[in-house]
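Structure first, then comments.
If you're wondering where the values come from, they're calculated on a predicted model, not measured in any experiment. Counting starts at 1 for both ligands and their atoms, in listed order. Residue indices begin at 1 and follow the sequence shown.
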Amino acid sequence: MKYRHSFHAGNFADVHKHVALLALIAALERKDKGFLYLDTHAGRGAYDLSSPTAEAAAGIARLKVAALEAPELNDYLGQLGRVRAALGHPHLYAGSPLLALSALRSQDRAVLVEFQGGEAHDLGVRVREWRDAVPGGAPAQVERGDGYARLKACLPPRERRGLTFMDPPYEDTRDDYVLVREGFAEALRRFPTGVVCAWFPVKEERVARAFVASVAAAVGGRLLAGELWLFRRDSRVGLNGSGLLIANPPHLIAERMAAWQAELVRALGGGADSGSSAVMVSESNSP
Ligand SMILES: C[S@@+](CC[C@H](N)C(=O)[O-])C[C@H]1O[C@@H](n2cnc3c(N)ncnc32)[C@H](O)[C@@H]1O
C-alpha cells in the first residue's frame, strides 16, 4: 500500500470529516456515560503543515481566516488549536485520532487502528506525546492491523455506547467501497444502536450515488448522507466533493449538518459548482 495521508492532510475533505467527527463526539457527550471511539483507519495522527501543500492551502488554511458562525466549525478550530498548543507545534494538522482524543473525556475510551507499520508507529508516538501533555484524558489503545477486521473484535463495546469512524483511502482500487459497505453492515449487526460514520470521496456522481444506495440497502436503519462539493460532481479528474454516511445519527445532527456544511462551503470559497446536502437516505428499521 502506497497511500500516504500526509499529501492530503488538511484538505477540504479532512476539514469536512473532522468537523462531523467532533460534532458526533459532542452529541454522544450529552450523556455522562462513557463510550468507545473506534477509529478503523487512524493514520499517523498528526501532519506537519509548516510548508502547506496546495490541498491544505485550499482547505484548513482558508478556514483559519474566515469568520465562522456555526458552533461546530468553531469547536473544530478550537480542538485543532488545543492539539497544536499541547504538542507545541503551531503548523501541525491533527488527524482524526488526536482531534478525537482532544474531545474525549476520561470516562470514554479510544481504539485507534492503522494498517501501515510506519504510520502506526508515528501514531503511537503522537498519542504518548498527547498523554504527557494532557494527562487524565480518555485511555487510548493504538493497534497496527486491519481496521475492518478489528470491528469484529471491538463491537459491541462493553460500554454499550460507541462511535465507529471509517476513513479508508479509496486509492488505486474500488475495494474500499465494498469493504466499507460490509464493515457498516458488520458493525450494525454486532451493535445495532452504535453510531457509525464512514467517509467516501465524491468524484463521479454515478459512483457516489451507487455507493450510498448500496450501503442503505445493506444496512437499512437510520442512515444520513452528508455531502459537500466544491467542483462539478461529474468529472473524474480529482476529488470534487466529500461525503459522509452516518448510521444512527444523534438527535439534530442532520439539521445542524445542513447548516454548518453550507457555511463551510462558503468559507472554503466554493463557487457556482459548489454545494452541500444532508439527507436521510434511509429511515427504516430493517435492511
Ligand atoms: C485517509 S487516511 C486516514 C486519515 C485519518 N482517519 C485522519 O482523519 O487523520 C487512511 C489510512 O488508512 C490506512 N489503512 C488503509 N487500509 C487499512 C486497513 N485495512 N486497516 C487499517 N488502516 C488502513 C492507511 O494506511 C491510511 O493511513
Location of contacts on A42 toward ligand 1, heavy atoms closer than 4.0 Å: backbone
Salt-bridge present (R209, E227; N to O < 4.0 Å): yes
Numbered atoms of ligand 1 (with element) below 4.0 Å of D167, judged on heavy atoms: 1 (C), 2 (S), 3 (C), 4 (C), 5 (C), 6 (N), 7 (C), 8 (O), 10 (C)
Ligand 1-proximal atoms of R44, by part, heavy-atom distance under 4.0 Å: neither
Option with minimal heavy-atom separation from atom 27 (O) of ligand 1, where the choices are E119, E114, R144: E114
Those atoms of ligand 1 less than 4.0 Å from some heavy atom in T40: 20 (N), 21 (C), 22 (N)
Test item, A149 contacting ligand 1 (heavy atom, 4.0 angstrom): no
G145: numbered ligand 1 atoms lying under 4.0 Å from its heavy atoms: 20 (N), 21 (C)
Heavy atom of H8, distance to ligand 1 below 4.0 Å: no
Test item: side-chain donor near acceptor, E143 and Q141, under 3.5 Å: yes
Contact atoms of ligand 1, heavy-atom distance to S96 under 4.0 Å: 5 (C), 6 (N), 7 (C), 8 (O), 9 (O)
Under 3.5 Å side-chain donor-acceptor pair for S274 and W229: no
D146 N/O to ligand 1 N/O under 3.5 Å: yes
Test item: side-chain donor near acceptor, S102 and Q79, under 3.5 Å: yes
Min N/O separation Y148 to ligand 1 under 3.5 Å: no
Verdict with supporting geometry, H16 and S242, side-chain hydrogen bond (donor to acceptor under 3.5 Å, both in side chains): CA-CA 7 Å; H16 180 225; S242 165; 2.7 Å; yes
H18: numbered ligand 1 atoms lying under 4.0 Å from its heavy atoms: 7 (C), 8 (O), 9 (O)
SB check R144 E114 (cutoff 4.0 Å): no
Sub-4.0 Å atoms of ligand 1 with respect to non-hydrogen atoms of G43: 27 (O)
Donor-acceptor side-chain pairing of D122 and Y47 below 3.5 angstrom: no
Polar proximity ligand 1 side, G147 side, N/O cut 3.5 Å exclusive: yes
For L239, the option from Y170, F231, F12 that meets side chain to side chain contact (heavy atoms under 4.5 Å, CB included): F12
Ligand 1 to P168 polar contact by distance, N or O atoms, under 3.5 Å: no
Shortest non-hydrogen contact from R105 toward K31: NH1-O, 2.8 Å
Q116 neighbourhood, listing ligand 1 atoms whose heavy-atom distance to it stays under 4.0 Å: 24 (C), 25 (O)
Short N-O contact, K33 and E159, less than 4.0 angstrom: no
